[in-house]
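Keep in mind the model is a prediction, meaning the values are calculated, not measured. Quick note on labels: first sequence line is chain A, next is B, and so on, each numbered from 1.
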Amino acid sequence: MSATIDKSPAPARRFAGLRREIRGMRAVMPFVLIFAAFVLLALLAPLVAPLDPNSQNLLGRLKPPGTTARGIFYLLGTDNLGRDLLSRLIYGARISLSVAILSVVLSGTAGTILGMAAGLARGWTETVIMRLADIVLSVPAVLLAIIMVAVLGPGFANVVLVLALTRWPRYARVAYGQTLSVANMPYVRLARFMGAKTPRILLIHILPNIIGAIIVVATLEFGLMVLFEAGLSFLGLGVQPPTPSWGAMLSTGRAYVATAWWIAAFPGACLFLLILSVNLIGDHLRDRLDPKSR
Amino acid sequence: MTESSQILAVEGLTTRIGVNAVVDGVSLAVNSGEVVALVGESGCGKSLTALSIMGLHPAAARIGGGSVRLDGDDLLRFSEKQLRGIRGKTLSMIFQEPVASLDPLMRVGEQVAESLVVHGVASKSEAESRAIDMLEKVGIPDPAARARQYPAELSGGMCQRVMIACALIARPRLLIADEPTTALDVTIQAQILALMKELRREIRTAILLITHDMGVVADIADRVCVMYAGRIVESGDVASIFAQPSHPYTRLLLATIPKLSGTRKTRLNAIEGSVPDVSDWPVGCRFRTRCPLADDACEKMPPDFSVSGDDTHRAACWHIDRLSEMDAMGEMA
Ligand SMILES: Nc1ncnc2c1ncn2[C@@H]1O[C@H](COP(=O)(O)OP(=O)(O)OP(=O)(O)O)[C@@H](O)[C@H]1O
Ligand code: SF4
Ligand SMILES: [Mg+2]
């Protein structure tokens with residue numbers, strides 16, 4: 001019967017899909033590697049950083065890249081307080097990545113839950129959540145973040161909180177739209193008919209089917225969060241000195257652009273590379289995962 | 001047929017959408033182990049009847065009256081919570097779209113086990129082993145391996161078998177199947193119908209089968225209810241209906257089955273015209289606008305006349321005695 005014919009191709013088909021997936025990844029592979037390198041540097045910062053990022057050497061201030069001063073080699077030079085720029089960049093990656101990860105996880109979780117609730121409950125729940133999302137999105141995000149940090153005060157935790165509070169609507173909108181379409185699929189109606197209660201429907205039947213779209217948004221948001229953190233730190237509203245942050249380093253470097261270009265150039269380049277690679281990975285994922293482009 | 005063997009008894013069920021009674025005083029009964037076919041053209045209210053029975057009618061629809069007794073309990077008086085307690089367990093359903101009715105990201109075995117799990121009938125592991133047994137019953141080879149696969153790895157016919165397994169695993173008293181084979185090709189359709197016949201005997205589930213295909217009716221049904229524009233116009237044993245169709249509409253439906261060739265693929269669109277829109281259903285006999293025998297008498301709603309004398313075969317037409325005139329007219333078509 002068709003049984004034996006049906007059976008064999010299935011595993012083969014699955015591996016073919018995997019192979020195609022890997023081949024598709026090839027185009028963004030360099031950017032995956034760059035991203036992975038940043039993550040590794042951040043994780044292993046104490047091991048790979050040549051010097052303490054906060055130890056000042058006032059005699060070795062503003063040394064250009066490749067200088068050796070008092071027996072210490074400064075690959076990327078020193079800043080205005082004589083701190084090793086390379087070490088500060090490596091520790092700065094920790095701040096950028098951890099703020100981005102935490103705020104994406106927080107806003108992503110909150111936004112997804114709210115969006116799914118709105119999509120499934122409809123009625124006034126839907127109205128309240130989605131109108132609130134519209135309002136938050138209608139205020140320019142940077143402005144909103146600046147105002148909120150100014151009110152709450154700067155610092156790592158507040159930056160994460162503010163980013164989560166300003167960015168959840170992005171996820172809520174996607175989760176809402178996806179939930180609306182998935183909730184009308186016959187299999188969700190059937191599961192409901194079979195007696196499944198709302199939490200089970202949301203968790204077992206809807207979430208797995210919309211998570212792809214959420215991940216795409218999260219990846220694109222990740223780059224934006226890196227940028228926002230840098231922007232807030234640039235304005236002095238992010239993590240406070242002496243903790244190294246790329247944004248704050250840029251801000252310092254601005255005053256020395258004419259005399260010590262490296263102080264601003266290297267954190268700028270790091271930001272550029274990290275955001276570029278995350279966005280390109282995000283674009284790639286969108287092409288692969290987003291049901292609309294399938 | 002004793003009263004106790006009656007599983008579903010629908011009396012005078014009326015469902016309105018806006019001011020229109022799209023289901024209008026429908027009565028039908030399904031006895032234990034029996035397949036009752038609800039047959040009629042597209043748009044005559046079959047699906048809405050089924051949905052009303054299960055309390056799944058769309059928000060726009062209102063149940064206007066009647067009763068729906070399942071083992072004696074009136075489902076129309078059940079709360080949503082009570083209904084949830086019986087759906088999937090005592091009362092089950094198969095939808096038309098087999099592929100879309102399966103969650104693409106859930107393993108087939110888990111889906112078959114789902115109704116046991118959500119009703120707390122069995123533990124997860126026990127439910128999954130019962131799911132594998134059920135997959136074997138619906139004729140899926142190598143069920144243990146299949147249970148671990150995703151729906152996309154199965155063919156349409158396989159998916160419909162899985163759907164049947166989902167619907168029957170809790171051994172429901174009544175299964176409502178809304179056009180379960182319409183989306184499948186003819187060979188698979190025959191296999192699925194054969195499977196349903198077999199399972200009905202084994203699990204002793206009564207089946208209310210909705211279809212617009214008289215060929216399917218001939219294949220599987222024990223009794224038939226013919227529906228036109230929201231009303232049951234004729235009902236009776238399948239043999240009696242096929243031997244002595246007593247409503248002009250039933251006659252025309254039967255004429256759509258090719259007599260000589262064995263294939264039964266013909267759909268009901270062979271009758272001229274189509275069911276009018278709900279807002280245009282005529283007063284009196286609703287078949288009046290398409291009936292070759294219609295006259296002034298038909299402006300009054302015909303009651304259910306007994307055809308067989310013992311009430312097992314009934315038809316709602318003023319001119320049962322003039323049916324033979326249709327044969328003469330039929331030659332023209
Ligand atoms: N949600 C709804 N809102 C408005 N009208 C509806 C709705 N559902 C059904 N109807 C109307 O009720 C009538 C009967 O619909 P129903 O789906 O029960 O027909 P059916 O006999 O199942 O036809 P088919 O063979 O096409 O499935 C149709 O004329 C349709 O226009
Ligand atoms: S009552 Fe009149 S219109 Fe209706 S089916 Fe009978 S003959 Fe036709
Ligand atoms: Mg229908």
Practice prompt. Pull out the residues in residues 104-123 of chain B that come under 4.5 Å of chain A, heavy atom to heavy atom, sorted by number.
Written response: B/Pro104, B/Leu105, B/Met106, B/Glu114, B/Ser115, B/Val117, B/Val118, B/His119
Item to complete: Quick one: pull up OG in B/Ser92 and CG in A/Leu190 and give me the separation to the nearest 0.5 Å.
Response: 8.0 Å
Worksheet entry | Modelled atom types, side-chain donor and acceptor of B/Arg161 and B/Gln191, under 3.5 Å | yes
Practice prompt. Run the numbers on B/Ile207 and B/Val30 for side-chain contact (heavy atoms from CB on, under 4.5 Å), then give the verdict.
Written response: CA-CA 7 Å; B/Ile207 300 178; B/Val30 186; over 6 Å; no
Worksheet entry | Worked verdict on A/Met116 versus A/Ile210 for side-chain contact (heavy atoms from CB on, under 4.5 Å) | CA-CA 10 Å; A/Met116 290 195 343; A/Ile210 72 171; 3.5 Å; yes
Worksheet item: Of all heavy-atom pairs between B/Ser32 and B/Ala206, which one has the smallest distance, and what is that distance?
Response: CA-CB, 4.3 Å
Worksheet entry | Closest contact, heavy atoms only, B/Ala167 versus B/Leu175 | CB-CD1, 3.7 Å
